[in-house]
Number of protein chains: 2
Amino acid sequence: MELREKRDESVRRILEAAMSVFAEEGYSGARVDEIAKRAGLNKAMIYYRIGDKLVLYTEVIHSLFGDIGSAIKGNIPADATPEEKLKIYIRGLALTIADHPYLPGIMMRELASGGGNISELVAEDFASILSIPANILTEGVNKGAFIKTNPVILHMMVVGFMMFFRTTEPVRKRYFERLPEDVRILNEKSISEGVNEVERLVLRAIKA
Amino acid sequence: MELREKRDESVRRILEAAMSVFAEEGYSGARVDEIAKRAGLNKAMIYYRIGDKLVLYTEVIHSLFGDIGSAIKGNIPADATPEEKLKIYIRGLALTIADHPYLPGIMMRELASGGGNISELVAEDFASILSIPANILTEGVNKGAFIKTNPVILHMMVVGFMMFFRTTEPVRKRYFERLPEDVRILNEKSISEGVNEVERLVLRAIKA
DNA sequence: AAATAGATTAACTAAAAAGTTAAATAATCT
DNA sequence: AGATTATTTAACTTTTTAGTTAATCTATTT
């Protein structure tokens with residue numbers, strides 16, 4: 001194999017392994033040896049190519065949040081109605097979370113620890129994501145389609161649901177039998193059906 | 001001081017210190033020495049009175065989730081309308097979270113790691129909490145007040161908002177200037193104003 | 001007040017995990 | 001093909017942290 005290919009391949013594998021381990025165990029819980037093992041490489045490679053554990057973690061966080069904001073924004077056509085835009089935004093969030101299985105775990109842990117590792121850059125991504133529902137709601141209010149609503153609350157309700165739905169899955173599965181009827185039914189459904197319902201509820205909530 | 005008092009006081013201080021450290025750092029990130037330091041006691045006291053790190057953690061988790069379910073349930077008068085009941089339920093959740101500042105951090109981390117430390121007992125508490133909105137919604141549908149809605153989705157949207165609102169606070173504060181106008185306004189407001197809005201949105205969403 | 005039992009600690013050990021180094025292997029260049 | 005440069009590893013050191021122990025201090029009992 002070519003040298004550059006080898007190097008890039010190694011870096012890719014380290015970052016991927018690191019992401020999975022950090023998502024499962026958190027920063028302190030993650031073992032550098034375990035990351036190396038999953039990457040199929042010697043531990044020294046991590047220090048040689050990336051740096052120490054903290055640098056590696058920062059790298060992983062950055063690569064995870066870096067491209068999310070733009071991805072969601074891109075999907076919304078300018079000429080759509082506010083309702084359509086809001087639907088696309090909700091769907092975009094759901095798709096992003098589906099595409100990045102490690103996102104909820106890492107994000108929830110990051111927030112739990114006060115977001116100390118969230119860089120300037122990532123903060124900008126967050127602000128950029130928040131501006132999407134903010135703009136849609138403003139447009140909707142101006143066109144008389146929506147009532148005045150705080151976009152952050154809406155955003156947090158939607159994202160909150162998605163994160164909780166995903167991360168409670170193991171617990172819901174484990175204690176299946178004792179769950180109320182409604183929960184059991186939802187348990188069998190996919191997240192996309194849940195998202196449909198969220199979409200419906202949100203639109204009912206804010207329609208003028 | 002009396003011997004029994006001394007013992008109880010030590011245990012109390014250990015548990016309190018442990019909760020704060022576990023909330024801030026997570027299980028693996030928490031240092032037993034740090035817990036002892038915050039408790040103002042020697043580390044050996046922890047092993048003498050409680051047990052090893054995992055026993056201590058389990059104890060903390062249990063004491064945290066143990067009495068929450070019943071606390072919320074207790075507040076809802078049987079003769080209230082479904083709308084009133086739903087409001088009380090949302091308020092009850094908000095109050096609980098306000099009363100237990102370490103709850104969001106610990107819960108989010110627990111979920112992020114697959115809830116491996118959530119005991120049978122705590123799972124029962126969760127199921128019991130979920131049954132509250134489930135019953136209210138059913139009653140509301142039967143009385144023609146609400147449309148048919150999945151209670152888990154509703155619950156997760158509400159709880160999701162509250163947890164995110166609390167845990168994103170440091171990040172929101174830190175990057176204050178770059179936030180969109182709406183977010184900045186909300187930032188200055190208290191959580192209770194956020195809860196009001198959530199209440200309003202939820203009721204609009206499900207009203208028949 | 002002397003003896004006893006329980007609370008508390010300082011100092012220790014053992015284990016685990018992060019991080020380093022020098023040597024080996026593989027690709028690239030002349 | 002041989003010299004050179006980059007990748008990769010096995011084996012090591014250092015640091016951190018959980019957990020223990022034996023001694024000390026303090027309240028209680030006789």
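Residue numbers begin at 1 in each chain, while the letters A, B, ... track the order of the sequences.
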In residues 30-43 of chain A, which ones come under 4.0 Å of DNA chain D, going by heavy atoms? A:Leu41, A:Asn42
Please verify the inter-ring angle class for B:Phe22 with B:Tyr27; under 30° counts as parallel, over 60° as perpendicular, anything in between as tilted. parallel
Derivation of the salt bridge (Lys or Arg N to Asp or Glu O under 4.0 Å) call for A:Glu197 and A:Arg200: CA-CA 5 Å; A:Glu197 174 103 1; A:Arg200 181 173 141 254; 3.2 Å; yes
Hey, is A:Glu16 close enough to A:Arg12 for a salt bridge, meaning N to O under 4.0 Å? yes
Would you give the length of the straight line joining atom CD1 of B:Ile35 to atom CD1 of B:Ile50, rounded to the nearest 0.5 angstrom? 10.0 Å
Could you report the tightest heavy-atom contact between A:Pro101 and A:Asp99, atom names first, then the distance? CD-O, 3.2 Å
Could you go through A:Val195 and A:Val158, starting from their C-alpha distance and side-chain angles, then the distance that decides it, and tell me whether this counts as side-chain contact (heavy atoms from CB on, under 4.5 Å)? CA-CA 9 Å; A:Val195 172; A:Val158 172; over 6 Å; no
Quick check against the 3.5 Å criterion: does B:Arg49 have a side-chain atom that pairs as donor or acceptor with the backbone of B:Val11? no
Within residues 46-63 of chain A, those residues having any heavy atom closer than 4.0 Å to DNA chain D are A:Tyr48, A:Arg49
Would you call A:Glu25 and A:Arg31 a salt bridge, taking side-chain N to carboxylate O under 4.0 Å as the test? no
Give me the atom names and distance for the closest heavy-atom approach of B:Met157 to A:Phe161. CG-CB, 3.6 Å
Could you tell me whether the side chain of B:Lys85 and the main chain of B:Ala78 form a donor-acceptor pair under 3.5 Å? yes
Starting from the first five and the last five pairs of the helix from C:dA1-D:dT30 to C:dT30-D:dA1, work out the angle between the resulting helix axes, to 10 degrees. 0°
Test the A:Arg172-B:Phe126 pair against the cation-pi criterion, namely NZ or CZ under 6.0 angstrom from the six-membered ring centroid and within 45° of the ring axis. no
By side chain to side chain contact (heavy atoms under 4.5 Å, CB included), which residues pair with B:Arg38, not counting sequence neighbours? B:Ala17, B:Ser20, B:Val21, B:Glu24, B:Glu34
Let me know the distance between CD of A:Glu9 and C1' of C:dA26, rounded to the nearest Å. 16 Å
Could you work out, with side chain to side chain contact (heavy atoms under 4.5 Å, CB included) as the rule, every residue matching B:Glu2, not counting sequence neighbours? B:Glu5
Which protein N or O atoms sit under 3.5 Å from an N or O of nucleotides 27-30 of chain C?
{"unit_1": "C:dA27", "atom_1": "OP1", "unit_2": "A:Met1", "atom_2": "N", "d": "3.3"}
{"unit_1": "C:dA27", "atom_1": "O3'", "unit_2": "A:Leu3", "atom_2": "N", "d": "3.4"}
{"unit_1": "C:dT28", "atom_1": "OP1", "unit_2": "A:Leu3", "atom_2": "N", "d": "2.8"}

Whole-Å distance, A:Met45 CE to C:dA24 P, equals 19 Å
Compare side-chain N and O positions of A:Ser10 against OP1 and OP2 of D:dT7 and report whether any pair is under 4.0 Å apart. no
